[in-house]
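See below for the structure under consideration.
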Amino acid sequence: MTKSVRINLALVLVALFWAGLSLGIGPAHLGWGRAFAALIGQGDSIATTIVWQLRLPRALLAVLIGAMLGGAGAALQGYLRNPLADPGVLGTSSTAALGAVLALYYGFAALSPLTLPIFAITGALVGLIPLLLLAARSEGPLALVLAGVAIATAAGAGISLALNFAPNPFAAVEIMTWLMGSLADRSFLHVWLALPCVVIGLGLILLEGRALDALTLGEEGATALGIDLKRTRLILLSATAIGVGGAVAVSGAIGFVGLVVPHLVRPFTDRRPSSLLVPSALGGAALLAAADALVRSVPTLEEPRLGVVTALIGVPVFLHQLVRARRQW
């Protein structure tokens, strides 16, 4: 068994452990034995309803969304050759959040459970258009980062305006709550909505592993190896927009996963960008499943927001990585 297989297997087991552990955690105390019996169809009706309609969809979403954010972060760090890159650097998360905020602001979210996710995915895809146009004349990563910063700033301004001109305090609270990120009260409807977006996004990212490896030689070196940089950029940006847009659509804004996870798993790989993609996706799934389990285990009247918890986890880890890298330099 190779080193990469062992690492991936270990991360799969960690993700499954936290996802399974979360099935027994919640306001209604079931215990893991009763939750497992309900999961395999041998539990009582109350436990079965809680596990299958509330906790299992939530656990699956944590794994899916964490995998997408982790994989996208690793891909963008490889493509941009920037260890600080994550889906937010291209404005994808911001434009998806703006789409969801518009649905909440104008009341469309009350029409159907699908309205909010559809607006968020649409926002991510619409934000891809100016990103490609602004960076069209340059194949370098700098123009792409600057365009992403501009789009993220514009989307952030739109979100602030929505909060400023919210028609009533309840709409403002609803928008702010969504922006903090959460997986509470999600169902299999949200799982089926996020699943195809995540599968498409991660699938396209994994196909570009060779191109990411070639880019470590620089753009001229990658071109000499036969890599079409424009095609690679289009595929990676589209994959990020579709996958992260679908993830943000059902969870709200969740940060730091795509930024931190690649740094955590990189020492266990051969440091090639392609070898980092799968471990980062699995590590993101494990991290978000663990964070969601932690959120539900906190004894408070109001459940802490998942986006807040990932930030609290991510900032110390990221600062530790910066100090460690500085010592190595």
Closest approach of Arg271 and Pro267, non-hydrogen atoms and distance? NH2-CA, 3.8 Å
Taking Glu219 as the fixed residue, which of Arg233, Lys230, Arg81 is the one that meets the salt bridge (Lys or Arg N to Asp or Glu O under 4.0 Å) rule? Arg81
Does the distance from a Lys or Arg side-chain N to an Asp or Glu carboxylate O, for Glu208 and Arg231, drop under 4.0 Å? yes
Path from Val63 to Leu13 over hydrophobic side-chain contacts below 4.5 Å: no
Heavy-atom closest contact (Val295 atom, Pro304 atom, distance): CG1-O, 3.1 Å
Looking only at side-chain N and O atoms, does Gln77 offer a donor or acceptor that is under 3.5 Å from a partner on Arg266? yes
Walk me through it: do Lys3 and Thr269 pass the test side chain to side chain contact (heavy atoms under 4.5 Å, CB included)? CA-CA 8 Å; Lys3 179 181 178 181; Thr269 68; over 6 Å; no
Is there a side-chain contact between Val89 and Asp86, using heavy atoms and a 4.5 Å cut-off? yes
Taking side chain to side chain contact (heavy atoms under 4.5 Å, CB included) as the definition, give me every residue that meets it alongside Val51, ordered by chain and number, with sequence neighbours left out. Leu30, Ala35, Ala38, Leu39
Which heavy atom in Pro279 sits nearest to a heavy atom in Asn8, and how many Å separate them? CG-OD1, 3.3 Å
Could you identify which residues cluster with Leu312, counting Ile, Leu, Val, Met, Phe, Trp and Tyr as linked when any side-chain heavy atoms lie under 4.5 Å apart, either directly or through a chain of such contacts? Met180, Val308
For Ser112, give me all partners under side chain to side chain contact (heavy atoms under 4.5 Å, CB included), at least two apart in sequence or on another chain. Leu114, Thr115
Supply the members, apart from Leu217, of the Ile/Leu/Val/Met/Phe/Trp/Tyr cluster built from side-chain contacts under 4.5 Å; use none for a lone residue. Leu225
In Å and rounded to the nearest 0.5 Å, what is the CD1 to CG distance from Ile65 to Leu60? 10.5 Å
Please assess Leu204 against Ile200 for the test side chain to side chain contact (heavy atoms under 4.5 Å, CB included), listing each intermediate value before the final yes or no. CA-CA 6 Å; Leu204 291 175; Ile200 293 172; 4.0 Å; yes
Against Ile151, only a single residue in Leu90, Thr95, Leu146 fulfils side chain to side chain contact (heavy atoms under 4.5 Å, CB included); can you say which? Thr95
Does any non-hydrogen side-chain atom of Leu23 lie less than 4.5 Å from one of Phe36? no
Using 0.5 Å steps for rounding, measure from the CD1 atom of Ile313 to the CG atom of Leu294. 6.0 Å
Given the rule that I, L, V, M, F, W and Y join up when any side-chain heavy atoms are under 4.5 Å apart, are Leu195 and Leu206 in one cluster? yes
Which heavy atom of Pro87 sits nearest to which heavy atom of Ala72, and what is that distance? CG-CB, 3.8 Å
Please name all residues satisfying salt bridge (Lys or Arg N to Asp or Glu O under 4.0 Å) with Arg58, sequence neighbours left out, ordered by chain then number. Asp292, Glu303
To the nearest 0.5 Å, tell me how far Leu277 CG sits from Ser275 OG. 8.0 Å
Any residue meeting ring-ring contact (aromatic ring centres under 6.0 Å, His included) with His190, in chain and number order, not counting sequence neighbours: none
Nearest 0.5 Å please: distance from the OG atom of Ser93 over to the CG atom of Leu69. 7.0 Å
Taking the side chain as C-beta and beyond, is there a heavy-atom pair between Leu276 and Leu212 under 4.5 Å? no
Does Val199 belong to the same Ile/Leu/Val/Met/Phe/Trp/Tyr cluster as Leu282, with side-chain heavy atoms less than 4.5 Å apart forming each link? yes
Kindly list each side-chain donor-acceptor pair under 3.5 angstrom involving residues 117-132, sequence neighbours excluded, with atom names and distances?
from   : atom 1 : to     : atom 2 : distance (Å)
Thr122 : OG1    : Ile118 : O      : 2.7

Please check if Ile205 and Tyr79 belong to a single hydrophobic cluster, counting links between Ile, Leu, Val, Met, Phe, Trp and Tyr side chain heavy atoms closer than 4.5 Å. yes
Arg272 meets the salt bridge (Lys or Arg N to Asp or Glu O under 4.0 Å) criterion, sequence neighbours left out, with Asp213, Asp270
Nearest 0.5 Å, what's the OG-CG distance between Ser94 and Leu179? 10.0 Å
In Å and rounded to the nearest 0.5 Å, what is the OG to CE distance from Ser280 to Met68? 11.5 Å
Looking at side-chain heavy atoms only, is the closest gap between Leu288 and Thr310 below 4.5 Å? yes
With sequence neighbours left out, the residues meeting side chain to side chain contact (heavy atoms under 4.5 Å, CB included) with Leu104 are Ala109, Leu116, Glu174, Ile175, Trp178
Residues forming a salt bridge (Lys or Arg N to Asp or Glu O under 4.0 Å) with Arg305, sequence neighbours excluded: Glu302
With Ala222, which residues qualify under side chain to side chain contact (heavy atoms under 4.5 Å, CB included), at least two apart? Ala214, Leu215, Ile227, Leu229
Do you know the tightest heavy-atom contact between Ala211 and Thr232? CB-OG1, 3.6 Å
Enumerate donor-acceptor pairs with a distance under 3.5 Å from any side-chain N or O in residues 238-257 to protein atoms, sequence neighbours excluded.
from   : atom 1 : to     : atom 2 : distance (Å)
Ser238 : OG     : Leu234 : O      : 2.7
Thr240 : OG1    : Leu236 : O      : 2.8
Ser251 : OG     : Ala247 : O      : 3.0

Single-linkage hydrophobic cluster Val261~Val12, side-chain heavy atoms < 4.5 angstrom: yes
Between Ser22 and Arg55, does the side-chain hydrogen bond (donor to acceptor under 3.5 Å, both in side chains) criterion hold? Intermediate values first, please. CA-CA 7 Å; Ser22 67; Arg55 296 186 183 178; over 6 Å; no
Is it the case that more than 12 heavy atoms not belonging to Phe188 sit under 6.0 Å from its CZ atom? yes
Is it the case that atom CD1 in Ile46 sees more than 12 heavy atoms from other parts of the structure closer than 6.0 Å? no
Determine whether a donor-acceptor pair (N or O, by modelled atom type, separation under 3.5 Å) exists between the side chain of Asn164 and the backbone of Ser160. no
Closest non-hydrogen atom pair, Leu144 against Leu80: CD2-CD2, 3.9 Å
Ignoring hydrogens and geometry, is there a side-chain-to-backbone donor-acceptor pair from Tyr105 to Ala100 under 3.5 Å? no
Do the side chains of Gln53 and Ser187 get nearer than 4.5 Å, heavy atoms only? no
